[in-house]
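One structure is given here, and the rest of the page talks about it.
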Amino acid sequence: MDIELIEIIDFISKHPPFSLLPAATRESLPAHMEISYARRGQVILHVGHENQTLYIIRSGAVEVHSPDDELLQRLGEGDLFGAQAILQGGRVHNHVTAIEDSLLYRLSKEAFDRLCREEKLFADYFVPQGADRLRMGLRNKQPLSSRINLATARIGDIPLQKPVTARPSTSIRQAAEMMTASCASALLLTGEESLQGIVTDRDLTTRVVAAGLSPDLPIAAVMTPRPITADKNDYVFDVMLKMVSHTVNHMPVMDGSRLIGLMTSQDLLSRQQGSSPVRLARQISRMEKIEDLHAAVREAQLLLVSMVSAHATAHSMERFLTHLTDAITVRLLEMAEEKLGLPPIPYAWMAAGSQGRQEQAIQGDQDNFLIIDDRYDAAQHGTYFRALSRFVCDGLNECGYLYCPGDMMAANPAWHLPLRQWQQRYGAWIDEPSPKALMLTCIFFDLRLVYGQRFLSDALHAFIQEKVKGNNFFLAHMTVNALSRQPPLGFFRHFVLQHGGDHAETLDLKIHGVIPIVDLARIYALEAGLPQVNTHERLHAASLAGSVSQGSARDLDDAREFIAFTRLRHQAQRLHEGKPVDNFLPPGDLSELERNHLKDAFKVVKTLQHALALRHQVSRIS
């Protein structure tokens with residue numbers, strides 16, 4: 001074969017969508033290609049002209065401009081153009097101009113059409129663009145096995161128990177007879193159009209028999225009103241953790257407001273084999289020694305490696321890791337109270353940062369603080385809360401959750417304060433957004449109650465929302481701060497890698513990948529005065545509140561899912577190889593297709609950062 005043809009085959013084999021084609025197909029393509037050369041400044045495609053060619057940039061660079069001369073894109077080696085015109089009847093909609101002397105491969109429309117007809121992956125590549133292509137990539141990472149994977153399945157994918165229902169006015173005796181006749185462990189009480197409550201076989205034992213109630217009373221007298229429910233679109237794994245969190249074994253499943261089934265913990269546990277995240281979470285609540293808690297963390301990390309292999313979603317894996325951290329924190333607090341005695345006044349143990357958002361990765365340090373009732377007197381109560389917070393922070397460190405390098409932990413007296421002092425501190429951060437204050441808000445605005453009194457947590461949440469909503473001065477400063485962390489993508493869609501140091505030539509998937517999206521979602525949520533903390537929930541709620549469009553929220557959520565999954569997979573791989581876990585990914589560890597998906601994700605973030613900067617007019621501040 002001619003050396004020139006071999007070079008063309010080698011080149012297209014490295015770039016999607018040609019890399020997705022069978023080798024024999026790729027080898028046949030040079031016969032349908034031409035080579036052309038465009039000098040710098042030459043307009044290759046004119047708006048309104050006819051185009052019947054797919055262009056592949058072998059070397060050089062081009063710019064794509066709208067008819068209004070707005071710069072839309074810069075493309076470099078391996079990028080394509082011309083496909084949009086072919087797919088839309090041949091008419092060119094944007095100008096394409098060479099900005100460097102460029103060598104181009106040209107594939108004929110006939111060959112392009114044939115590939116689209118015969119090669120599904122090739123055709124799929126051209127249907128969507130940008131964020132849509134990223135979404136396609138997310139779908140394609142799911143396992144092809146038809147076997148239901150609990151790490152990726154949604155409740156609607158698995159068989160549900162048919163619910164046994166009755167009216168709340170049904171007598172206890174009739175209810176018991178219905179449950180016996182249908183061998184049901186729970187009865188769901190429904191009104192005209194809604195679920196009213198639930199009664200389980202255990203309720204009949206403890207609330208009726210043990211209490212000596214008359215069986216002629218209405219079942220509503222002993223039901224649990226407004227039970228916790230699952231939606232058919234919820235991930236199975238999330239529902240499992242929800243059951244553990246709320247200590248329930250039965251969960252009605254809804255399709256909107258319509259009851260469609262019942263899920264039990266036994267149903268879920270029977271589908272699991274080997275190590276179970278739910279079993280592990282339950283075991284932690286009974287552990288007595290810190291070394292056992294440490295062993296549970298190690299087991300959780302091994303479970304996560306298997307979840308990555310099973311292509312679980314990043315959302316599920318982060319929830320799992322956070323749930324384990326919460327469970328260990330709660331157990332340590334219980335152990336501290338057993339050792340020190342009951343707290344003299346109410347308090348709330350709060351998680352901040354990634355734990356607060358329920359977005360923990362494998363390697364993490366501590367970000368936590370303590371809100372104490374305003375009756376706090378340092379002379380009277382200080383010794384107790386210092387000992388409690390020191391016990392928990394030391395215990396977490398022994399379990400592998402390292403001390404915060406900035407000492408932002410409850411063990412630091414500066415981070416266990418009465419509610420009124422927390423409100424003063426948050427107020428000062430908001431009123432005077434210095435660089436340090438903004439850095440702290442990025443951690444401590446993502447707060448969530450882990451243990452203790454909810455009224456303290458709710459009061460601080462309410463204070464923050466009230467103080468920030470509509471505060472354009474503060475939101476503009478937060479936007480400036482958020483823009484300081486840019487996705488690692490250059491103008492030519494090339495990765496911008498770390499320079500020097502131990503992680504040279506890698507991508508920092510935390511600081512320049514996940515965090516810029518977290519920052520955007522936080523601003524959208526604060527802007528609308530929303531209480532959500534988790535990034536996925538913030539984006540969803542913010543889109544409903546109108547602070548970001550539904551399409552942009554969805555694009556950003558997909559970008560976060562892809563970047564977070566890539567980060568977790570990298571961490572799991574290092575854990576599997578016995579290497580220290582980090583966030584620094586060499587691009588060479590990704591396939592060409594994955595690199596393009598990552599670029600699409602970064603591009604989504606860049607676009608929305610730019611839009612937010614314009615909205616808050618940050619140029620007036622920076």
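Heads up: numbering here begins at 1 and tracks the sequence.
- Between Phe369 and Phe444, the ring-plane angle classifies as perpendicular under the 30° and 60° cut-offs.
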Is there a side chain to side chain donor-acceptor pair (under 3.5 Å) between Asp367 and Gln355? Walk through the geometry before answering.
CA-CA 8 Å; Asp367 289 312; Gln355 187 188 355; over 6 Å; no
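- Between Glu334 and Arg331 a salt bridge is recorded (basic side-chain N to carboxylate O distance below 4.0 Å).
- Here the CD1 atom belonging to Ile371 is positioned 7.5 Å from the CH2 atom belonging to Trp422, to the nearest 0.5 angstrom.
- Between Leu321 and Glu318, the closest side-chain pair of non-hydrogen atoms is not below 4.5 Å.
- Residue Arg560 holds its CZ atom at 9.0 Å from CG of Leu539, rounded to the nearest 0.5 Å.
- More than 12 heavy-atom neighbours from other residues, nucleotides or ligands sit within 6.0 angstrom of CZ on Arg420.
- Around atom NE2 of His540, no more than 12 heavy atoms belonging to other residues, nucleotides or ligands sit under 6.0 Å away.
- For the residue pair Arg207 and Thr224, a side-chain donor N or O sits within less than 3.5 Å of a side-chain acceptor on the partner.
- You'll find the side chain of Arg538 stays beyond 4.5 Å of the side chain of Leu530, heavy atoms only.
- Side-chain contact of Tyr524 with Gln532: a donor-acceptor pair under 3.5 Å is absent, judged by distance alone.
- Taking the six-membered ring for Trp and the full ring otherwise, Tyr426 and Phe463 have centroids separated by 6.0 Å or more.
- Residues Pro435 and Asn481 are not in side-chain contact: their nearest non-hydrogen atoms beyond the backbone lie 4.5 Å or more apart.
- Between Trp349 and Val330 the shortest side-chain heavy-atom distance does not fall below 4.5 Å.
- Counting only heavy atoms from C-beta outward, the side chains of Met251 and Val239 approach each other to under 4.5 Å.
- Between the side chains of Thr200 and Asp203, at least one donor N or O sits under 3.5 Å from an acceptor N or O.
- Here Glu359 does not pair with Lys510 in a salt bridge; the nearest charged N to carboxylate O distance is not below 4.0 Å.
- Between the OG1 atom in Thr535 and the CG atom in Leu556 there is a gap of 9.0 Å [rounded to 0.5 Å].
- Residue Asn249 holds its CG atom at 9.5 Å from CG of Asp201, rounded to the nearest 0.5 Å.
- Here the side chains of Leu388 and Pro343 are not in contact, with every heavy-atom distance at 4.5 Å or above.
- Side-chain N/O atoms of Asp394 and Tyr403 include a donor and acceptor closer than 3.5 Å.
- Side-chain atoms of Asp373 and His381 form no donor-acceptor pair, as typed in the model, at a separation below 3.5 Å.
- Taking CD of Glu527 as the reference point, atom CG of Asn471 lies at 11.0 Å (rounded to 0.5 Å).
- In summary, the side chains of Tyr401 and Thr325 do present a donor paired with an acceptor at a separation below 3.5 Å, with no hydrogens or angles considered.
- Taking a cutoff of 4.0 Å between a charged side-chain nitrogen and a carboxylate oxygen, Asp431 and Lys467 qualify as a salt bridge.
- Side-chain contact, Thr313 with Glu561: no donor N or O sits under 3.5 Å from an acceptor N or O.
- Within a 6.0 Å radius of CD in Glu432, other residues, nucleotides and ligands contribute 12 heavy atoms or fewer.
- Considering CD of Gln573 and CG of Asp589, their distance stands at 8.0 Å, rounded to 0.5 Å.
- For Phe385 and His416, the distance between ring centers is not under 6.0 angstrom.
- For the pair Glu291 and Lys289, the salt-bridge criterion is not met [side-chain N within less than 4.0 Å of a carboxylate O].
- In this model, a donor atom of one side chain and an acceptor atom of the other lie less than 3.5 Å apart for Asn583 and Gln571.
- Considering only heavy atoms from C-beta on, Leu259 comes within 4.5 Å of Leu188 through its side chain.
- Remark: Glu466 CD is loosely packed, at most 12 non-hydrogen atoms of other residues, nucleotides or ligands lying under 6.0 Å away.
- Residues Leu447 and Ile464 have side chains in contact (heavy-atom distance under 4.5 Å, counting atoms from C-beta outward).
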